[in-house]
Student: 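One structure is given below, represented as structure tokens, and several questions about it will come after.
Please read these numbers as outputs of a predicted model, since none were measured by experiment.
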Amino acid sequence: MASGGGGLSALVKCPEHPDIPLIEDYHAGDMICSQCGLVVGDRVIDVGSEWRTFSNEKSTKDNSRVGAAENPLFDGSDMSTMIATGTGSDTVRDEFGKPMYRNNRTTRNSADRTLMNAIREIAQMADRLNLPKMLVDRANALFKQVNDSKALKGRSNEAIAAACMYIACRQEGVPRTFKEICAVSKISRKDIGRVFKLILRNLETRMDLITTGDFMSRFCSNLELSSAVQKAATSIARKAVDLDLVPGRSPISVAAAAIYMASQASENKKTPKEIGDIAGVAEVTIRQSYKSMISRAAELFPADFKFHTSIDNLPLN
């Protein structure tokens, strides 16, 4: 509601309180006395928005606008039309033989169609991985860059989309493993790895190296381990790398082995299989990395860790 200082409010008055200003209810179309609430006029013209809008709504749809927002990734994203030309049999003409207007949406080029399919694929992967829109936008932009460069011509677009998602996760600081990307796509780990390397080589894309800390929080959370165990596992993994106890091992394998060691020293023990299912690492790989670290366990745990099982009683493999 809003108070009305002119228009109909100056012509219509409350019979009981003629000197009291009236309230105009634009949505209901009523003139209301602010003193007694009497409706003294109706059918006021609504000068507000045709649709209600709420700034705190999560939906990005705005009913006061026509069509979707322009997407800068597409070359033909505007609403313009074009006249069909030429004398070929595929030219669309009206009953008088003149070329007819056609909307650009029905005449998208192959690059736009490829990009549209990739955007759909990336959105589905992000939804399954519960990733934010900012990361999706980065993956979409990277795919367009790869597609426009034609550096990976002949490669599967689905594999390129999956690799772009993997790279975007790394660049945004929320890395996912190849196994996690494989789980939400139709592409094998081997194919994603190949395309990933080709993208890095051809586009000179830069990324920070993966560290054990990038995965520790998520793995421990999924395993329902306490913050104390997570802190211990982080310390174990970092010191194991610094002491060069696990040369040649991937950060994910080292993180999994560190979680295994920390959990075995705590009350909430996890098996290599349980950890491997979450981390995407083979059970034998976790045991091998753990075996390389167990002899120096006393140096790896943080000083304030409260042992439920002493270091001497930890499993040897």
Student: When you compare the side chain of Ile286 with that of Ser253, does any pair of heavy atoms fall below 4.5 Å?
Tutor: no
Student: Hey, could you give me the CD1/CG distance between Ile167 and Leu135, rounded to the nearest 0.5 Å?
Tutor: 11.5 Å
Student: Does atom CD (Glu267) have a neighbourhood of more than 12 heavy atoms from anything else shown, all under 6.0 Å?
Tutor: no
Student: How many angstroms lie between NZ in Lys150 and CG in Asn202, if you round to the nearest 0.5 Å?
Tutor: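 Lys150 atom NZ to Asn202 atom CG measures 14.0 Å (nearest 0.5 Å).
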Student: Please round to the nearest 0.5 Å and tell me the distance separating atom CE of Met125 and atom CE of Met165.
Tutor: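 If I round to the nearest 0.5 Å, the distance is 4.5 Å.
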Student: Using only atom types and a distance under 3.5 Å, with no angle test, would you say the side chain of Arg249 pairs donor to acceptor with the backbone of Val254?
Tutor: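 No.
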Student: Take Phe219 and Thr212 through the side chain to side chain contact (heavy atoms under 4.5 Å, CB included) test and state the conclusion after the steps.
Tutor: CA-CA 11 Å; Phe219 289 168; Thr212 56; over 6 Å; no
Student: Distance check, rounded to the nearest 0.5 Å: Ile278 atom CD1 versus Ile259 atom CD1?
Tutor: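 Between atom CD1 of Ile278 and atom CD1 of Ile259 there are 9.5 Å.
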Student: Starting from the C-alpha separation in whole Å, work towards a yes-or-no answer on side chain to side chain contact (heavy atoms under 4.5 Å, CB included) for Leu300 and Ser235.
Tutor: CA-CA 7 Å; Leu300 303 180; Ser235 173; over 6 Å; no
Student: Quick one: salt bridge (Lys or Arg N to Asp or Glu O under 4.0 Å) pairs with a partner in residues 288-301, sequence neighbours left out?
Tutor: Arg296-Glu299
Student: Let me see the working for Leu152 and Val195 under side chain to side chain contact (heavy atoms under 4.5 Å, CB included), right down to the final yes or no.
Tutor: CA-CA 8 Å; Leu152 274 68; Val195 174; 3.5 Å; yes
Student: Without swapping roles, check the side chain of Arg189 against the backbone of Phe178 for a donor-acceptor pair under 3.5 Å.
Tutor: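 The answer is no, because no donor-acceptor pair under 3.5 Å joins these two groups.
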Student: Using side chain to side chain donor-acceptor pair (under 3.5 Å), reason through Asn313 and Ser310 one step at a time and then give a plain yes or no.
Tutor: CA-CA 5 Å; Asn313 293 325; Ser310 65; 3.0 Å; yes
Student: Are the side chains of Arg218 and Arg176 in touch, meaning some heavy atoms are under 4.5 Å apart?
Tutor: yes
Student: To the nearest 0.5 Å, what is the distance between CD1 on Ile294 and CE on Met261?
Tutor: 4.0 Å
Student: Just so I know, are the side chains of Phe215 and Thr177 near enough to count as touching, which here means a heavy-atom distance under 4.5 Å?
Tutor: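 Phe215 vs Thr177: side chains touch.
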Student: Flag yes if more than 12 heavy atoms outside Glu16 fall under 6.0 Å of its CD atom; otherwise flag no.
Tutor: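 Counting other residues, nucleotides and ligands, CD of Glu16 stays at 12 neighbours or fewer.
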Student: Verify, without hydrogens or angle tests, whether Thr285 (side chain) and Val281 (backbone) share a donor-acceptor contact under 3.5 angstrom.
Tutor: no
Student: A side-chain contact here means heavy atoms from C-beta on lying under 4.5 Å apart; do Ser149 and Leu203 qualify?
Tutor: yes
Student: Please tell me whether Ile32 and Ile20 are part of a single hydrophobic cluster in this structure, the criterion being side-chain heavy atoms less than 4.5 Å apart.
Tutor: no
Student: Answer yes or no: are there more than 12 heavy-atom neighbours, outside Arg138 itself, under 6.0 Å from its atom CZ?
Tutor: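 More than 12 heavy atoms, drawn from other residues, nucleotides or ligands, come within 6.0 Å of this atom.
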Student: Using every non-hydrogen atom in the two residues, find where Cys182 and Ser188 come nearest and quote the distance to one decimal.
Tutor: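 Result for this residue pair: SG-C, 3.7 Å.
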Student: Roughly how far, to the nearest 0.5 Å, is CD1 of Ile122 from CG of Asp127?
Tutor: 13.5 Å
Student: Please identify each residue that fulfils side-chain hydrogen bond (donor to acceptor under 3.5 Å, both in side chains) with Arg170, with sequence neighbours left out.
Tutor: Tyr166
Student: For Ala265 and Phe305, which heavy atoms make the closest approach, and how far apart are they?
Tutor: CB-CE2, 3.7 Å
Student: Identify whether the distance between the nearest side-chain nitrogen and carboxylate oxygen of Asp304 and Lys231 falls below 4.0 Å.
Tutor: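 Judged by the 4.0 Å cut-off on N to carboxylate O distance, Asp304 and Lys231 do form a salt bridge.
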Student: State, to 0.1 Å, how close Gly280 and Lys179 come at their nearest heavy-atom pair, and which atoms those are.
Tutor: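 In this case the closest contact between Gly280 and Lys179 is CA-CD, 3.3 Å.
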Student: Do Asn268 and Val229 come close enough that some side-chain heavy atom pair is under 4.5 Å?
Tutor: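 Contact flag for Asn268/Val229 side chains = no.
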Student: If you compare all heavy atoms of Ser266 against all heavy atoms of Ser263, which two are closest, and at what distance to 0.1 Å?
Tutor: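 Where Ser266 meets Ser263 most closely, the heavy atoms are OG-O, 2.8 Å.
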Student: For the pair Lys270 (side chain) and Gln264 (backbone), establish whether a donor and an acceptor sit closer than 3.5 Å, ignoring hydrogens and angles.
Tutor: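 Between the backbone of Gln264 and the side chain of Lys270 there is no qualifying donor-acceptor contact (under 3.5 Å).
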Student: Which pair of heavy atoms, one from Phe143 and one from Asn157, lies closest together, and at what distance?
Tutor: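 Phe143 and Asn157 have their closest heavy atoms at CE1-O, 3.6 Å.
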Student: Do Thr114 and Asn117 get their side chains close enough for a donor-acceptor pair, meaning under 3.5 Å?
Tutor: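 No, no side-chain donor-acceptor pair sits under 3.5 Å.
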Student: Are the side chains of Lys133 and Asp137 in contact, using a 4.5 Å heavy-atom criterion?
Tutor: yes
Student: Looking only at atom types and distance, does a side-chain atom of Ser292 sit under 3.5 Å from a main-chain N or O of Gln288, one as donor and one as acceptor?
Tutor: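 A pair under 3.5 Å: yes.
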Student: Is any side-chain heavy atom of Pro315 closer than 4.5 Å to one of Tyr260?
Tutor: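 They are in contact (side-chain heavy atoms under 4.5 Å apart), so the answer is yes.
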Student: Do Gln230 and Ser226 have side-chain heavy atoms sitting under 4.5 Å apart?
Tutor: no
Student: Please walk me through it: do Phe301 and Ile236 pass side chain to side chain contact (heavy atoms under 4.5 Å, CB included)?
Tutor: CA-CA 6 Å; Phe301 279 91; Ile236 292 169; 3.7 Å; yes
